[in-house]
Amino acid sequence: MNDLSAFFANYPAAIPWMAGLFGLAIGSFLNVVVHRLPVMLERRWQSQCRELLNPNQPPADASNRFDLIVPRSRCPHCDHAITALENIPVLSFLWLRGKCSACRKPISWRYPLVELLTGCLSVLVAWRFGFSLAALAGLALTWSLIALTFIDVDRQLLPDDLTLPLLWAGLLFNIFAVFVPLSSAVIGAIAGYVSLWLVYQLFKLTTGKEGMGYGDFKLFAVLGAWLGWQSLPLIILLASLVGAVVGISFIVFFGHDRRMPIPFGPFLCAAGWIALLWGEPLTRLYLQFARIAV
């Protein structure tokens with residue numbers, strides 16, 4: 001460990017590069033998480049319902065395993081098993097020219113996009129925090145937020161299997177005050193959940209509609225647990241502004257039905273990540289403008 005610390009002390013520029021390369025590999029895994037985790041949850045829920053309705057039914061066939069590791073990734077068009085050489089982040093997509101090697105059907109641009117996004121954001125986190133526990137924690141949070149973003153875009157779902165462990169992880173890291181003191185993290189988790197829950201209840205009371213899901217409350221609690229209650233106003237302001245701009249743009253330029261819901265989770269994830277890296281200077285800037293306005 002001392003040798004590794006000495007290496008990074010002598011070559012600090014190596015930290016973002018290594019984080020970026022590792023982030024590309026993690027991005028490839030996140031593509032699997034985004035696709036498979038909702039399916040795994042649906043199968044679990046269906047199995048639980050069957051057990052409740054028919055408790056005497058035989059157990060499920062263990063050979064039909066489906067998780068983040070098994071079965072191997074396959075082409076959705078021809079069921080071709082993806083080889084190791086075809087699974088190199090970004091490079092394989094370019095080498096295959098964006099097409100399956102077997103059936104030549106197009107591969108979604110989403111896969112290299114997630115890999116590149118994960119790599120680039122990993123570089124920024126490592127550049128911001130250097131060789132430290134904060135960098136390790138920031139990378140874990142960043143990767144989790146990317147997975148939550150794309151799952152919510154696809155399924156309008158923020159799974160408890162991600163948000164709840166992430167909540168406890170934020171509190172655990174802040175036992176050591178990695179980002180904020182533990183007291184600030186605990187208050188942030190409570191305030192994050194309760195504040196959006198109250199907004200949800202007021203909106204439902206006045207309109208008779210549900211403005212957001214319970215996953216949004218938990219995600220806001222996660223961000224409060226990681227970044228403290230002081231960051232919550234900035235996060236909700238950024239998320240609301242970006243969400244409003246995106247929503248209006250979809251309606252004006254793409255003819256999006258204004259009655260169709262737009263998931264709020266991706267905006268919370270983006271705002272939370274921005275607050276992770278630049279929360280303090282942005283908050284100071286906001287307070288300066290607030291004083292000028294007053």
Side-chain angles (χ1 to χ4, degrees), residues 13-38 68 73 76 82 86-99 106-130 134-159 161-163 165-166 169-170 215-216 219 222-223 226-227 235 238-239 241-243 245-247 249-250 254 262-279 282:
I15 300 173
W17 281 103
M18 291 184 66
L21 291 174
F22 192 61
L24 289 173
I26 292 295
S28 180
F29 176 69
L30 292 182
N31 278 317
V32 176
V33 174
V34 170
H35 172 69
R36 295 194 182 191
L37 183 58
L68 299 180
S73 297
I82 306 301
E86 295 171 343
N87 208 26
I88 301 172
V90 181
L91 294 179
S92 291
F93 182 84
L94 296 175
W95 174 58
L96 293 169
R97 298 182 181 179
K99 297 179 180 179
I107 302 170
S108 172
W109 276 89
R110 191 47 184 262
Y111 297 115
L113 173 64
V114 171
E115 293 164 355
L116 281 173
L117 178 66
T118 308
C120 291
L121 297 192
S122 299
V123 167
L124 290 173
V125 170
W127 169 78
R128 170 66 176 81
F129 294 108
L136 179 63
L139 288 171
L141 178 59
T142 298
W143 299 335
S144 301
L145 292 178
I146 291 172
L148 286 167
T149 293
F150 284 97
I151 291 175
D152 202 21
V153 168
D154 287 347
R155 302 293 188 111
Q156 287 73 58
L157 173 70
L158 294 168
D161 289 48
L162 291 179
T163 54
L166 204 55
D216 296 316
L219 177 56
V222 165
L223 298 175
W226 281 79
L227 306 176
I235 293 172
L238 289 174
L241 286 175
V242 176
V245 170
V246 171
S249 300
F250 273 32
F254 301 103
I262 296 177
F264 191 51
F267 306 122
L268 281 176
C269 289
W273 186 82
I274 291 171
L276 170 69
L277 266 65
W278 302 291
L282 286 174

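Any value given below was found using the heavy atoms of this structure, including those in side chains, with hydrogens, waters and symmetry copies removed.
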Salt bridge (charged side-chain N to carboxylate O under 4.0 Å, His left out) partners for R110, two or more places apart
D154
Using residues 144-152 as the side-chain source, report each donor-acceptor pair under 3.5 Å to any protein atom, sequence neighbours left out, with the distance given to one decimal.
from	atom 1	to	atom 2	distance (Å)
S144	OG	A140	O	2.9
T149	OG1	L145	O	2.8
D152	OD1	L157	N	3.0
D152	OD2	G265	N	3.1

Would you give the length of the straight line joining atom CG of N87 to atom CZ of F93, rounded to the nearest 0.5 angstrom?
13.5 Å
Which pair of non-hydrogen atoms, one from P266 and one from V153, has the smallest distance, and what is that distance?
CG-CG2, 3.7 Å
Partner set under ring pair (Phe, Tyr, Trp, His ring centres under 6.0 Å) for W278, not counting sequence neighbours:
W273
What is the distance from atom CG of L141 to atom CG of L223, rounded to the nearest 0.5 Å?
7.0 Å
Taking C-beta and beyond as the side chain, do L241 and V245 meet within less than 4.5 Å on heavy atoms?
no
Pair listing, salt bridge (Lys or Arg N to Asp or Glu O under 4.0 Å) test, anchored in residues 18-33, at least two apart
none
I262 side chain reached by F267 side chain, heavy atoms, under 4.5 Å
yes
Do you know which two heavy atoms are closest between R36 and S73, and how far apart they sit?
NH2-N, 3.6 Å
Those residues that, when tested against A271, pass side-chain contact (heavy atoms from CB on, under 4.5 Å) (two or more places apart):
I235, L238, A239
Salt bridge (charged side-chain N to carboxylate O under 4.0 Å, His left out) with R128: which residues, sequence neighbours excluded?
none
Suppose we screen for side-chain contact (heavy atoms from CB on, under 4.5 Å). Which residues come up paired with A169, at least two apart in sequence or across chains?
W226
Of all the heavy-atom pairs spanning P159 and L37, show the shortest one and how long it is.
CG-CD2, 4.1 Å
Among all residues two or more places apart in sequence or in another chain, which pass the side-chain contact (heavy atoms from CB on, under 4.5 Å) test with L96?
E86, S101, I107
Would you name the heavy atoms of L227 and G272 that are closest together and state the gap between them?
CD1-O, 3.5 Å
Please table the atom pairs, donor to acceptor, closer than 3.5 Å between any side-chain atom in residues 15-34 and protein atoms at least two apart or in another chain.
from	atom 1	to	atom 2	distance (Å)
N31	ND2	G27	O	3.4
N31	ND2	Y111	O	3.1

Hits for side-chain hydrogen bond (donor to acceptor under 3.5 Å, both in side chains) against T118, two or more places apart or cross-chain, chain-then-number order -> none
By side-chain contact (heavy atoms from CB on, under 4.5 Å), which residues pair with I88, not counting sequence neighbours?
L85, L91, S92
